[in-house]
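The structure under discussion appears below in the form of structure tokens.
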Amino acid sequence: MKGVFSALLCSFDDKGNVNEKGLREIVRYNLDECGVDGLYVNGSTGENFLISTEQKKEIFQVVKDEVGDEAQLIGQIGSLNIDESVELGHYVKELGYDAMSAVTPYYYKFNFDEVKNYYSTLVNQVEFPLVVYSIPALTGVNMSLEQFGELFKLEHVIGVKFTAPDFFLLERLRHAYPDQLIYSGFDEMLLSASVLGIDGAIGSTFNVNGKMAKEILTDAQAGNINEARSKQKQTNDLIAEVLDNGLYQTLKQILKVKGVQAGECRKPMNALSPEGKERAEQIVNKYLV
């Protein structure tokens with residue numbers, strides 16, 4: 001399970017319902033145009049924390065039906081409601097996903113024993129490969145090298161989606177746990193993570209820029225650092241403009257420009273203004289023709 005995974009966008013209609021046709025088109029664009037190795041389904045980019053359990057199941061099912069065995073699939077099942085997480089873990093296992101992933105429990109400032117018990121419950125009850133999803137900037141959960149080691153000792157825990165700018169910790173993790181899968185989670189820092197020996201990357205902008213991400217990772221692994229640095233610079237120019245215009249809304253608008261029914265973002269996210277839509281088209285013409 002190595003390579004570049006898109007943190008998959010999801011198409012919603014203006015009432016917040018899953019747009020199945022649009023979701024299938026997003027999947028196809030990722031596989032056929034971006035050439036990614038896999039999809040990370042129902043993560044932050046998929047607006048997972050804004051939707052119901054049934055909508056999450058619908059998305060998991062549609063994506064698996066569309067992908068079949070064409071690409072690797074990781075289903076993000078993490079939730080503050082551990083019963084929902086277990087239910088979704090069983091669901092993606094039954095659907096035939098390759099692994100599940102779960103964000104660290106957040107908001108209530110859980111201590112590490114509580115975090116560990118959360119993951120232990122998931123793997124013990126579901127008995128399925130699990131990738132820890134660590135994103136401290138959004139969850140407030142920071143873990144040490146030793147604490148990651150405690151999680152990696154759990155049966156069925158196979159790695160981490162490491163979405164943090166702590167490259168010292170990343171290097172220490174790579175050195176200490178060579179058999180664990182480590183995925184970089186910051187698109188703008190892909191090169192920096194790649195030279196430290198990551199196994200792959202999971203990112204939002206890979207929905208539109210997956211080919212370039214794969215080239216950065218491949219160049220870095222081959223030691224072609226100058227080429228990778230140039231491509232990271234181009235990527236970061238794109239990312240800077242997307243972030244300035246609204247991340248998820250702009251990625252969806254870019255896909256619309258490309259002919260994909262990417263739909264709307266769930267409220268309370270705002271829709272793009274006419275000016276924002278125009279800027280998204282300019283971004284396409286500048287970076288993605």
Residues [X], [Y]: salt bridge by 4.0 Å N-O rule:
X      : Y      : value
Glu264 : Lys256 : yes
Arg279 : Asp244 : yes
Glu66  : Arg24  : yes
Arg28  : Glu70  : yes
Asp237 : Lys286 : no

Would a single hydrophobic cluster contain both Leu272 and Val208, if residues Ile, Leu, Val, Met, Phe, Trp and Tyr are joined by side-chain heavy-atom contacts under 4.5 Å?
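No: no chain of side-chain contacts under 4.5 Å links Val208 to Leu272.
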Do Val160 and Phe168 land in one hydrophobic cluster if side-chain heavy atoms of ILVMFWY residues count as linked below 4.5 Å?
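No, separate clusters.
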Without swapping roles, check the side chain of [X] against the backbone of [Y] for a donor-acceptor pair under 3.5 Å.
X      : Y      : value
Ser79  : Ile82  : no
Glu281 : Glu278 : no
Ser101 : Val132 : no
Gln76  : Asn42  : yes
Asn117 : Asp113 : yes
Gln55  : Ser52  : yes
Asn17  : Phe12  : no
Glu25  : Gln261 : yes
Lys258 : Leu288 : yes
Glu47  : Arg266 : yes

Walk me through it: do Lys64 and Asp69 pass the test salt bridge (Lys or Arg N to Asp or Glu O under 4.0 Å)?
CA-CA 8 Å; Lys64 178 58 180 177; Asp69 296 324; 3.7 Å; yes
Short side-chain donor-acceptor distance under 3.5 Å, [Y] and [X]:
X      : Y      : answer
Gln232 : Asn236 : yes
Glu114 : Tyr108 : no
Ser273 : Glu275 : yes
Tyr133 : Ser44  : yes
Asn207 : Ser6   : no
Ser120 : Asn124 : yes

Test Lys56 against Glu87 for salt bridge (Lys or Arg N to Asp or Glu O under 4.0 Å), laying out the working first.
CA-CA 11 Å; Lys56 293 172 187 179; Glu87 179 181 348; over 6 Å; no
Ring center gap for Phe110 and Tyr118 short of 6.0 angstrom
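No - the distance between ring centres of Phe110 and Tyr118 does not fall below the 6.0 Å cut-off.
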Given Phe148 and Tyr177, is the ring-ring contact (aromatic ring centres under 6.0 Å, His included) satisfied, shown in steps?
CA-CA 10 Å; Phe148 273 112; Tyr177 305 105; 8.5 Å; no
Check whether any side-chain heavy atom of [X] lies under 4.5 Å from a side-chain heavy atom of [Y], and answer yes or no.
X      : Y      : value
Ile283 : Ile254 : yes
Val36  : Phe5   : no
Tyr248 : Met269 : yes
Ile59  : Ile51  : yes
Val126 : Lys93  : yes

How many angstroms lie between atom [atom1] of [X] and atom [atom2] of [Y], to the nearest 0.5 angstrom?
X      : Y      : atom1 : atom2 : result
Lys277 : Lys252 : NZ    : NZ    : 13.0 Å
Asn224 : Lys231 : CG    : NZ    : 8.0 Å
Leu95  : Leu73  : CG    : CG    : 9.5 Å
Lys116 : Phe112 : NZ    : CZ    : 6.0 Å

Only one of Val41, Ile74, Ile77 forms a side-chain contact (heavy atoms from CB on, under 4.5 Å) with Tyr97, so which one is it?
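That would be Val41.
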Apply the test salt bridge (Lys or Arg N to Asp or Glu O under 4.0 Å) to residues Arg229 and Asp219: give CA-CA distance (whole Å), side-chain angles for both, the deciding distance (0.1 Å), then the verdict.
CA-CA 9 Å; Arg229 184 163 54 227; Asp219 283 344; over 6 Å; no
Closest approach of Ile26 to Leu9 (non-hydrogen atoms, all atoms of both residues)
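Distance-wise, the nearest heavy atoms are CG2-O, 3.8 Å.
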For residues 192-203, dump all side-chain donor-acceptor pairs below 3.5 Å to protein atoms at least two apart in sequence or in another chain.
from, atom 1, to, atom 2, distance (Å)
Ser194, OG, Leu190, O, 2.7
Asp199, OD2, Arg174, NH1, 2.8
Asp199, OD2, Ile182, N, 2.9

Is the NZ or CZ atom of Lys161 both under 6.0 Å from the centre of the six-membered ring of Tyr40 and within 45° of that ring's axis?
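Ring-cation test returns yes.
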